[in-house]
Amino acid sequence: MSPESITGPLTRPIVEAAPAPAIDVAAERARTPGVTESHHLNAAGAALPTAAVVDTVVEHLRREERDGGYEAAAAVSDRTEAVYDDIAELVGARSAEIALFDTATTGLRVLVDALLGAGTPRLLVSRSAYVSHALHLMAHARRTGAGLEILPLDPATGAVDLGALEATLRDGGPAIVFVAHLPTSCGLVEPVAALGALTRRHGARLVVDATQSVGHLPVDVGEIGCDVLVTTGRKFLRAPRGTAFAWVHPDVLPALEPRAPDVRGAAWTAEREWTLSGTARRFETWEHSVACRLGLGVAVRETIERGLGVTAAHLVALGASLREQLRSRPGVTVRDPAASSSGMVTFTVDGVEPAEVKNHLAAARIRVVTVPASHGQWDLGAREVPAIVRASMHVYNDADDLDALLSVVDTITAGPR
Ligand SMILES: Cc1ncc(COP(=O)(O)O)c(C=O)c1O
């Protein structure tokens with residue numbers, strides 16, 4: 001080899017670029033017993049947990065059976081404390097900023113009530129808001145006369161119109177902006193970091209419902225720049241049902257008082273006096289499922305160890321593939337807006353009720369759900385779509401699951417109408 005060939009310009013790299021890390025679907029399936037039962041395409045409802053998560057829950061219930069619930073809780077207190085640390089690591093926060101709940105709806109209700117108790121700002125809500133959260137805000141507005149504005153959509157993306165929001169924030173008084181990172185009714189991904197930048201610039205608060213995004217897409221509270229973030233356990237975190245958590249910005253926390261203080265987060269200090277915990281635990285309740293919280297901790301660790309980027313890449317790729325394949329089929333309409341880079345796909349089949357599509361899929365052991373407009377009037381209702389079929393993937397899914405779904409869809413579209 002001549003010296004020139006060593007020092008001259010490279011036409012190809014000497015070292016092959018390292019292959020991008022990918023999800024080991026076979027390994028994920030091996031540790032997820034439920035995959036043998038069906039093509040589970042319902043992570044956005046409740047994902048399949050790993051055996052380790054379920055074993056952790058069952059083991060603690062057995063300990064409670066043997067030792068008594070309080071005694072069992074005391075024996076695992078180090079592990080329940082570690083759950084806060086793991087969640088903090090997952091979302092880029094500190095343990096003291098984390099509160100645990102039974103559902104995301106409870107977390108949103110408690111935190112939003114505390115935020116609303118600190119003043120009467122305008123409520124600016126994205127069309128992606130979850131049904132129970134929207135009902136809560138509408139009930140508050142009706143009761144108190146607070147202004148509630150539904151934020152307009154950017155027609156090109158289907159996400160919140162950032163220009164319109166900026167104009168509203170500039171011209172109006174103090175506001176709280178509420179957004180679902182991903183809604184329940186389509187695969188849309190809201191631009192939460194852009195919303196964080198906008199709300200900070202205009203001194204507004206931002207509450208992010210990350211119920212469909214934590215464990216699905218990378219979620220870092222600092223990068224988003226929000227004030228409150230809430231999520232549930234059973235969906236993309238693959239934790240047990242009845243688990244959820246919230247993060248509260250440390251600058252906001254001291255001003256937020258729970259509407260109904262609980263002995264968990266408050267100390268009753270004198271006849272008519274009490275003090276609140278200095279941490280986000282001021283929003284928690286004393287009673288909770290220790291077993292499920294331990295299971296949540298295992299699921300969070302598994303999520304961190306698998307890697308958020310690699311998980312997101314797998315789920316987004318499956319979502320894109322399913323959307324593209326559904327779009328290529330006559331008689332099938334994909335209902336996701338343009339800004340839908342997620343592992344959640346919604347569609348309808350011409351002339352066939354979504355419930356009927358779901359039943360056909362269930363008969364072939366393919367699990368999806370239908371979402372009616374009554375679960376999303378600001379999204380499906382506004383688009384005049386009465387209901388959709390929703391398929392949502394996780395790391396135990398691959399092209400075989402999509403093929404199974406598509407072959408049933410083909411049978412439906414080929415059949416008599
Ligand atoms: C976007 C969104 N937010 C909130 C929730 C409510 O979560 P939970 O059932 O844990 O209260 C859901 C449930 O589907 C959801 O999809």
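All ligand and atom numbering here is 1-based and tracks the order in the structure. In what follows, residues are counted from 1 in the order of the sequence shown.
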Structural part of [X] in contact with ligand 1, heavy atom criterion under 4.0 angstrom:
X: T232; result: side chain
X: T211; result: side chain
X: T106; result: neither
X: K235; result: side chain

* Asked: Backbone or side chain, does any N or O of P183 fall under 3.5 Å from an N or O of ligand 1?
  -> no

* To do: Please work out which of L182, V371, T105, D102 has its closest non-hydrogen atom nearest to atom 1 (C) of ligand 1.
  => L182

* Roughly how far apart are R306 CZ and E28 CD, rounded to 0.5 Å? -> 4.5 Å

* Nearest-0.5 Å distance that lies between atom CZ in R329 and atom CG in D350 -> 14.0 Å

Determine, for [X] against [Y], whether the closest basic-nitrogen to carboxylate-oxygen distance falls under 4.0 angstrom.
X: R109; Y: D113; answer: no
X: R301; Y: E89; answer: yes
X: R367; Y: E37; answer: no
X: E324; Y: R327; answer: no

Tell me the protein heavy atom at minimum distance from [atom], and give that distance in Å.
atom: atom 7 (O) of ligand 1; answer: A104 CB, 3.5 Å
atom: atom 3 (N) of ligand 1; answer: D209 OD2, 2.5 Å
atom: atom 15 (C) of ligand 1; answer: Y130 CD1, 3.3 Å

* Are a donor atom and an acceptor atom from the side chains of R390 and T184 found within less than 3.5 Å of each other? -> yes

* To do: Report yes or no: does a heavy atom of R234 sit under 4.0 Å from some atom of ligand 1?
  => yes

